[in-house]
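Labels below follow one simple rule: chain letters A, B, ... track the order of the sequence lines, proteins then strands, and each chain is numbered from 1. Values below: every heavy atom of this structure, side chains too, minus hydrogens, waters and symmetry copies. None of the values given here were measured: they were computed from a predicted structure.
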2 protein chains.
Amino acid sequence: MPARTNKREQILQAAVLSFGEVGFNSSSLREIAARCGVSHPGLLHHFPSKEALLTAVLEHRDTDERRWFPRSESGLDVLRNLIKLVEHNVTVPGLIGLYVLTAAEATNPAHPAHDYFQRRYARLRRDTRRALHRIRDEGDLHAGVDVEDAATMINALVDGLQVQWLLAPAEVDMPTILRRHLQSLVTRKL
Amino acid sequence: MPARTNKREQILQAAVLSFGEVGFNSSSLREIAARCGVSHPGLLHHFPSKEALLTAVLEHRDTDERRWFPRSESGLDVLRNLIKLVEHNVTVPGLIGLYVLTAAEATNPAHPAHDYFQRRYARLRRDTRRALHRIRDEGDLHAGVDVEDAATMINALVDGLQVQWLLAPAEVDMPTILRRHLQSLVTRKL
DNA sequence: GTCTATACCCGGATAGAC
DNA sequence: GTCTATCCGGGTATAGAC
């Protein structure tokens with residue numbers, strides 16, 4: 001293995017910043033390279049194409065995200081961890097900008113990350129449904145909650161809050177609003 | 001006045017399509033011009049710059065949107081009209097793509113539409129708060145509804161649903177999910 | 001009003017030296 | 001591994017003919 005290659009990591013972080021600010025489409029490899037003190041072909045040595053860089057950024061983000069949802073917890077703990085994740089997110093606005101903008105771009109079927117985001121949202125809805133079913137099995141879900149709708153709604157709420165929060169951080173309290181909504185679904189304290 | 005200039009309208013529609021597909025940043029004036037059978041400088045004759053075109057598109061969209069919210073209605077009717085607007089929106093995915101993507105891009109303070117979207121969301125929250133207060137005054141709001149949070153939430157829900165719907169139209173029923181959420185806030189049938 | 005032609009810049013990607 | 005140099009396409013915008 002190479003002595004100690006943290007250049008990849010530096011490039012990834014610079015890419016997160018750039019993608020978050022102007023999106024994947026408008027980001028330039030030259031600009032990203034300049035941010036971490038490497039030349040444009042130097043960057044392409046580590047990531048063979050711009051699309052490969054995007055893929056690496058998204059996978060990196062996924063890995064980070066999964067750490068917030070360890071296994072063997074109660075259904076309620078999944079919701080609690082989601083709140084914790086959002087509480088963490090307000091400390092990394094660049095990453096949120098990256099996510100919001102890339103997801104919006106990727107609604108276009110021609111975007112290189114289109115399939116990734118289709119699969120991602122299908123998975124998010126499925127995971128949220130599972131958590132809600134588990135909460136119901138544990139007797140903690142309010143009667144009358146439609147699990148299918150609630151799962152779609154929770155993920156929509158998180159996404160929509162991010163846009164408003166990025167535009168007006170002082171006026172939109174993401175974690176609190178999310179917590180109150182989730183609390184309205186369950187009978188026990190979150 | 002000119003004999004009959006609908007070229008502006010044609011260009012606006014082509015711009016909506018292009019902005020909706022790849023966003024403002026990645027759209028090209030040449031491509032937009034080609035869509036409506038005009039040359040690139042021909043387009044610039046009607047709109048002096050790309051940014052002017054974006055402004056015109058957003059104002060055009062605003063005007064259309066306002067038509068869904070006539071005055072002198074009850075608070076509940078505002079929510080009913082919001083549902084009708086979303087029911088209409090599912091018939092114009094290009095416009096929704098434009099909106100989602102432009103809003104995401106505009107979270108960047110350097111984006112030409114940043115101020116527009118900051119003002120827009122402040123206004124949306126204010127208008128939604130007013131409608132909810134009116135519903136409360138009319139005795140139709142459920143007890144325990146926090147108007148401030150509910151207003152932010154409703155707008156976040158609409159935005160977030162759009163992303164999921166664009167990625168999976170068959171799996172996300174925007175109008176129904178919105179209606180059920182709004183119904184959960186009020187005591188009378190929507 | 002709408003065109004052709006063009007100026008000028010920046011994008012992704014590659015070749016090849018060190 | 002990282003560089004310089006370069007290719008080629010495409011971006012906004014302008015000048016000037018018709």
Side-chain angles (χ1 to χ4, degrees), chain A residues 1-58 98 101-102 105-106 108 110-114 116, chain B residues 1-58 98 101-102 105-106 108 110-114 116:
Chain A
M1 67 178 91
R4 175 76 176 98
T5 303
N6 60 350
K7 263 287 154 57
R8 269 187 69 97
E9 200 65 26
Q10 293 179 34
I11 293 171
L12 279 177
Q13 291 194 0
V16 166
L17 290 177
S18 185
F19 292 170
E21 285 168 13
V22 296
F24 169 75
N25 286 329
S26 295
S27 287
S28 90
L29 296 182
R30 284 176 170 85
E31 195 265 348
I32 293 169
R35 280 188 195 235
C36 47
V38 75
S39 73
H40 163 225
L43 187 156
L44 287 171
H45 169 76
H46 295 280
F47 301 92
S49 74
K50 191 184 184 186
E51 185 178 333
L53 180 56
L54 174 62
T55 302
V57 165
L58 294 176
L98 158 72
L101 192 38
T102 313
E105 286 181 323
N108 179 1
H111 192 279
H114 183 68
Y116 169 85
Chain B
M1 68 179 91
R4 175 74 176 99
T5 303
N6 59 352
K7 264 286 156 56
R8 268 186 68 98
E9 200 65 28
Q10 293 180 34
I11 293 171
L12 278 177
Q13 292 193 0
V16 165
L17 290 178
S18 184
F19 292 169
E21 284 168 13
V22 295
F24 170 74
N25 286 328
S26 295
S27 287
S28 90
L29 296 183
R30 283 179 169 85
E31 195 265 346
I32 293 170
R35 281 187 195 235
C36 48
V38 76
S39 74
H40 162 227
L43 186 155
L44 286 171
H45 170 74
H46 294 281
F47 301 94
S49 74
K50 191 185 183 185
E51 186 178 332
L53 180 57
L54 174 62
T55 302
V57 165
L58 293 176
L98 157 71
L101 190 39
T102 312
E105 287 180 324
N108 179 3
H111 193 279
H114 183 69
Y116 170 85

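- Expressed to the nearest 0.5 Å, how far CD of Glu51(B) lies from NE2 of His111(B) amounts to 9.0 Å.
- dG1(C) atom P lies 14 Å from atom CZ of Phe47(B), rounded to whole Å.
- Here the C1' atom of nucleotide dA13(C) and the CG atom of Leu54(A) are 17 Å apart, to the nearest Å.
- A distance of 8.0 Å separates CG of Leu101(B) from CG of Asn25(A), quoted to the nearest 0.5 Å.
- By the 4.0 Å N-to-carboxylate-O rule, Lys50(B) lies too far from Glu31(B) to be salt-bridged with it.
- Side chain of Ser28(A), nearest nucleotide from dA13(D), dT14(C), dG12(C): dG12(C).
- Closest to the Ser39(A) side chain, of the nucleotides dT14(D), dT2(D), dC3(D), is dC3(D).
- Atoms CG and NZ, on Leu43(A) and Lys7(A) in that order, are 10.5 Å from each other to the nearest 0.5 Å.
- Taking atom CZ of residue Phe24(B) and atom P of nucleotide dG11(D), one finds them 13 Å apart after rounding to whole Å.
- Along DNA chain D, the nucleotide nearest to Arg30(A) and the one nearest to Gly42(A) differ in position, and the one closer to the 5' end is contacted by Gly42(A).
- Leu43(B) places its CG atom 10 Å from the P atom of dC3(C), with the value rounded to the nearest Å.
- Atom P of nucleotide dG11(C) and atom CD of Glu51(A) are separated by 19 Å, given to the nearest angstrom.
- For the 3.5 Å distance criterion, the side chains of Asn108(B) and Glu21(A) fail to qualify, holding no donor opposite an acceptor.
- Here the side chain of Pro41(B) is nearest to one of dA5(C), dA13(D), dG12(C), namely dA5(C).
- Within 4.0 Å (heavy atoms only), Ser26(A) reaches no atom of the nucleic acid at all.
- Going from atom CG of Asn6(A) over to atom P of dG1(D) covers 13 Å, rounded to whole Å.
- Distances shown here put a side-chain N or O of His46(A) below 4.0 Å from the OP1 or OP2 atom of dT2(D).
- Remark: P of dA13(D) and NE2 of His40(B) are 7 Å apart, rounded to the nearest angstrom.
- Within the nucleic acid shown, Leu29(B) comes within 4.0 Å of sugar-phosphate atoms alone, with no base atom in reach, counting heavy atoms only.
- The phosphate of dG11(C) has neither OP1 nor OP2 within less than 4.0 Å of any side-chain N or O from Lys50(A).
- The interatomic distance linking His45(A) (NE2) with dA13(C) (C1') rounds to 16 Å, in whole Å.
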